[in-house]
Amino acid sequence: MNTRAWTPIPRSFYDRPTVQVAQELLGHYLVREYEGQLLVGRIVETEAYVGLDDKASHASVGRTARNAVMFGPPGYAYVYLIYGVHHCLNVVTERPGYPAAVLIRALEPVEGVEVMRRLRGGRADRELTNGPGKLCQALAIDLRFNGHDLCLGRELWVAQGESVPPEEIVRGPRVGVRGDERALTVPWRFAIRGNPYVSRGR
DNA sequence: GGTTCGATCCTCT
DNA sequence: GAGGATCGAACCT
């Protein structure tokens, strides 16, 4: 189980339409080096945030200090603090200057589960990584990773997994967003159908 | 320098 | 189902 390579996905993967990247990220792996151990989770739920016109996106207000990474090159982590309590991890997509990213909403724990349990205060395995804030706590991801290059295979990266066939993917509106009618209804959330680690949603 | 608020989670009812 | 936690950043004055 520890013999797997966990090869980083190349930057070119992220330099494509964000909704497509969000869908195709399902089945790949988020890998974290933490205190000499590997914490690995299979990506089972994502959401796309696309461009200035997406009123649910942090980038809809224009470029600011917080969202600057979203305007940068693809393949970097955009991490922010929400409600002063939890962190959320995004992967930046598309060309520099165009603000877009994919929020990682849920993982299926694969490796380093003991450490994840400890970081999550001994909660049930089902509750370790089934939400964007939860998975950041389980993998010790915080603001220090904002702007981190996810293509290097160091500290935090996305590793090559197996693609999920379309019939196994559920698609629907995003969770917890504010904004206009389009922001609330556009089906830019993707999840692996029936996977027990998908977040509760609304 | 002050105020407001959030792409969430947890606890209590 | 409701309410609170708790902080950085945005947006005032």
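Chain naming here is simple, since letters A, B, ... match the order of the sequence lines and numbering starts at 1 in each.
Taking atom CZ on A/Arg182 and atom P on B/dA7, their separation rounds to 17 Å, with Å as the unit. Going from atom CD of A/Glu47 over to atom P of B/dG6 covers 16 Å, rounded to whole Å. Atom NE2 of A/His87 is separated from atom P of B/dC9 by 12 Å (rounded to the nearest Å). The separation between A/Gln137 atom CD and B/dC10 atom C1' is 11 Å, rounded to whole Å. One can place CD1 of A/Ile104 at 14 Å from P of B/dT8, the figure rounded to the nearest angstrom. Look at CD1 on A/Ile82: it is 16 Å from C1' on B/dC10, rounded to the nearest Å. Computed from coordinates, the A/His58 NE2 to B/dG6 P distance equals 10 Å when rounded to whole Å. A/Phe145 places its CZ atom 18 Å from the P atom of C/dG8, with the value rounded to the nearest Å.
Using a 4.0 Å cut-off between charged nitrogen and carboxylate oxygen, A/Glu111 and A/Arg42 do not count as a salt-bridge pair.
The structure places CG of A/Leu135 at 8.0 Å from SG of A/Cys88, a figure rounded to the nearest 0.5 Å. One finds the CG atom of A/Leu119 at 8.0 Å from the CG atom of A/Leu139 (value rounded to the nearest 0.5 Å).
C/dA5 has no stacking from A/Tyr83 on its base ring, since the centres under 5.5 angstrom apart and planes within 30 degrees of parallel are not both found.
Each of B/dA7, C/dC7, C/dA10 was ranked by its minimum atom distance to the side chain of A/Leu81; first place goes to C/dC7. For A/Tyr78, whose side chain is taken as the heavy atoms from C-beta onward, the closest listed nucleotide among C/dA10, B/dA7, C/dC7 is B/dA7.
Residue A/Arg178 has a polar side-chain atom (N or O) positioned under 4.0 Å from OP1 or OP2 of B/dG6. Remark: A/Lys134 is in phosphate contact with B/dC10, judged by side-chain N or O atoms under 4.0 Å from OP1 or OP2. Contact annotation: A/Thr64 reaches the phosphate of C/dA10 (side-chain N/O to OP1 or OP2, under 4.0 Å). The side chain of A/Arg120 places no N or O atom within less than 4.0 Å of a non-bridging phosphate oxygen (OP1 or OP2) of B/dC9.
With a cut-off of 3.5 Å on both Watson-Crick or G-U wobble distances, the partner of C/dT6 is given as none.
Classification of the A/His148-A/Phe145 ring pair by plane angle, with boundaries at 30° and 60°, yields perpendicular.
Distance noted for atom P between C/dG1 and B/dA7: 22 Å (whole Å).
The residue A/Gly84 sits close to a base: some heavy atom pair falls under 4.0 Å. Across all strands shown, A/Ala56 has heavy atoms under 4.0 Å from base atoms, whether or not it also approaches the sugar-phosphate.
When each of A/Ser57 and A/Arg123 is assigned the nucleotide of DNA chain B bearing its nearest heavy atom, the one mapping closer to the 5' terminus is A/Ser57. Each of A/Leu143 and A/His86 lies near DNA chain C, and the nucleotide nearest A/His86 is the one positioned closer to the 5' end.
One donor-acceptor pair, N or O on each side, does fall under 3.5 Å between the base of B/dA7 and the side chain of A/Tyr80.
Judged by a 6.0 Å distance limit and a 45° cone about the ring axis, A/Arg174 is positioned over the six-membered ring of A/Tyr49.
Applying the ring pair (Phe, Tyr, Trp, His ring centres under 6.0 Å) rule to A/His28 yields the partners A/Phe13; only residues at least two apart in sequence or on another chain are considered.
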